[in-house]
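Note sheet for the following structure.
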Amino acid sequence: MSLETTCLHLHRQHTLGPVDPRVFGGFLEHMGRAVYEGVYAPESKHADADGCRKDVLGALQPLQMTAMRYPGGNFASGYHWQDGIGPRSQRPKMREFAWQSLEPNQFGTDEYIRLCRKMNWTPMLTVNLGTGSPEEARNWVEYSNAPAGTKYADMRAANGSREPHAVKLWCLGNEMDGAWQLGHVPANQYAIRAQQAAKMMKDTDKSIELVACGSCGTGMPTYMEWDREVLEYVGDFADYISLHRYVGNPKDDTPDFLAVTNSIDRQIEEMDAACRFVQARRKSKKRAYLCFDEWNVWYKNQEMNGAGAFAPHLVEEVYNLEDALVVAGFLQSFIRHADCVKIANLAQIVNVIAPILTRGDEMLLQSIYYPFVMITKRRDGVSLRPAVTGPSYESKNYGSANYVDASAILGARRLHVFLANRHGSEHTKVKIEAADLGITGVESAEILSGPGAKAANSYEKPDLVTAKQMTSVETSGGHATVSLPPLSFAAVTFTLA
Ligand code: AHR
């Protein structure tokens, strides 16, 4: 049995804007085993000269991540950056309160910057607007970005980096509307802190870009109202506003879970509407864009209390095929909103809700690793507006969803098309109608599928859910047809006339 064919109509002139490479960002937090035992493990047989795990960095390489947010997350709201600089033997060991863990501060700003340079990541720092002060945030900008000659820049030089680190992206705190956040305050108080920090930070380096902290989720009572108030007060200092989203399938309803993409589209559109509304009210020329700086599937593992331990096992979520399809859905949504989503960060990169897990010297690539790789290597170009006609279904919570979720990027004489088949048991065909683009052939095609929605890679069976070469793509007369198995995600690059 096979579903009725879906048609994806694309047109060269129907563009949404260039896809910002920074939407393929990541997030590295001092949480659980993300930093220690994850990227940084000097005792490991895989450690390089800087103490970083070569096997993990090698596995991260194909993700080609861009903006790498650090050091949190919730951790950032209790972190004092000066604890993490200078000679390692003199750095304080701290009891940290976001995750109730032990923080030895052996990895800090300078180690992070070195790692970014090694990995070609764009540094993105979150300042502490929970227990920290606007002035402390401003001093971190001086430490990172000012030429030697003043107090904090000289500290950096003394710590071995005479040249500035040139950190362009800065987040003004994290999830400050959440009652769990260290230093949580109401919107009007956060807005004052953020505005004060923003002014001093930009006075220190006017080239930096700032992300105001948006409401941390669509389910929050503060959703939208927080964002409006913060954007109005922080004003033109806000280059971006942050969005966060973690989704899950706690009721084991796969069709509903796969339709969550509808609500990601909607969250983006609502937040963009808030930005445009405030811009209009302020009669400002400045448009704030969206920075989706935490996103992922996360619902199975809720172990968040480190009980005073160093590098405890926290939220080591195991990912399956349906999770991977939802991760593909997030990325497809960002592509479809290339006009307003400029930065996004997969939360996180290793061990903590991550595509990569480690166990001693071993390493495992999880299912969600693959859609990221499949899309990131095809990310260059302009997003095309996808018009999809075809069979659909009514989901329990997210309205009507096409069985085929689609997006497309027009590159240099190439067309990249991404297609997910959300049907649990039926194959489906997608006809790509792209007359004015003139498809001439297939350059590359990959498919991600597996033996069932819950199939997950494990140390025993590491290749159950992986991307494979795809052969079921045909082209003729400038068009193409792609056949998709049930519960699958395809990434195809076509050559154009
Ligand atoms: O990514 C894990 C945590 O989730 C982050 O620290 C926090 O911002 C969010 O609640």
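For the numbers below, each heavy atom of this structure counts, side chains included, while hydrogens, waters and symmetry mates do not. Just follow the structure's listing: the first ligand is 1, and inside any ligand the first atom is 1. None of the values given here were measured: they were computed from a predicted structure.
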Quiz item: For the side chain of D48 and the backbone of G51, is there at least one donor-acceptor N/O pair under 3.5 Å apart?
Solution: yes
Exercise. Before signing off on this row, confirm whether N74 and ligand 1 have an N or O atom pair separated by under 3.5 Å.
Key: yes
Quiz item: At the 4.0 Å heavy-atom cut-off, does I353 count as touching ligand 1?
Solution: yes
Exercise. Give the intermediate values and the outcome of side chain to side chain contact (heavy atoms under 4.5 Å, CB included) for residues F489 and I375.
Key: CA-CA 10 Å; F489 173 68; I375 302 179; 3.6 Å; yes
Quiz item: Nearest to atom 1 (O) of ligand 1, what protein heavy atom do you find, and at what distance?
Solution: Y246 OH, 2.8 Å
Quiz item: With ring centroids as reference points, do Y299 and Y246 lie under 6.0 angstrom apart?
Solution: no
Practice problem: Taking only heavy atoms of G73 into account, list the atoms of ligand 1 that are under 4.0 Å away from them. | Solution: 5 (C), 6 (O), 8 (O)
Exercise. Run the contact test for F75 against ligand 1 with a 4.0 Å cut-off on heavy atoms, strictly below, and give the result.
Key: no
Quiz item: Do E29 and V352 touch side chain to side chain, with heavy atoms closer than 4.5 Å?
Solution: no
Quiz item: Does some side-chain heavy atom of N345 sit less than 4.5 Å from a side-chain heavy atom of I343?
Solution: yes
Self-check item: Residue, atom name and distance, where the atom is the protein heavy atom closest to atom 6 (O) of ligand 1
Solution: E29 OE1, 2.6 Å
Quiz item: Mind checking whether F334 and W295 have ring centres under 6.0 Å apart?
Solution: yes
Self-check item: Closest approach of any protein heavy atom to atom 2 (C) of ligand 1, naming residue and atom
Solution: Q348 NE2, 3.5 Å
Practice problem: Give the contacting part of W295 toward ligand 1: side chain, backbone, both or neither, where contact means a heavy-atom distance below 4.0 Å. | Solution: neither
Exercise. Check if W99 has a non-hydrogen atom at a distance under 4.0 Å from any atom of ligand 1.
Key: yes
Exercise. Find all atoms of ligand 1 within a distance of less than 4.0 Å from any non-hydrogen atom belonging to F27, and give their numbers and elements.
Key: 1 (O)
Quiz item: If only atom types and distance count, is the side chain of H184 paired as donor or acceptor with the main-chain N or O of M176 below 3.5 Å?
Solution: yes
Exercise. Measure from the side-chain N and O atoms of R69 to the backbone N and O of C171, and report whether any donor-acceptor pair falls under 3.5 Å.
Key: no
Practice problem: Specify the protein heavy atom at minimum distance from atom 3 (C) of ligand 1: its residue, its atom name, and the distance to 0.1 Å. | Solution: E294 OE1, 3.8 Å
Quiz item: Identify the closest protein heavy atom to atom 10 (O) of ligand 1: which residue and atom is it, and at what distance?
Solution: E175 OE1, 2.7 Å
Quiz item: Which atoms of ligand 1 have any heavy atom of W298 under 4.0 Å away?
Solution: 2 (C), 4 (O)
Self-check item: Gap between atom SG of C275 and atom OH of Y240 - 0.5 Å precision
Solution: 12.0 Å
Quiz prompt | Part of N174 with heavy atoms under 4.0 Å of ligand 1, whether side chain, backbone, both or neither | solution = side chain
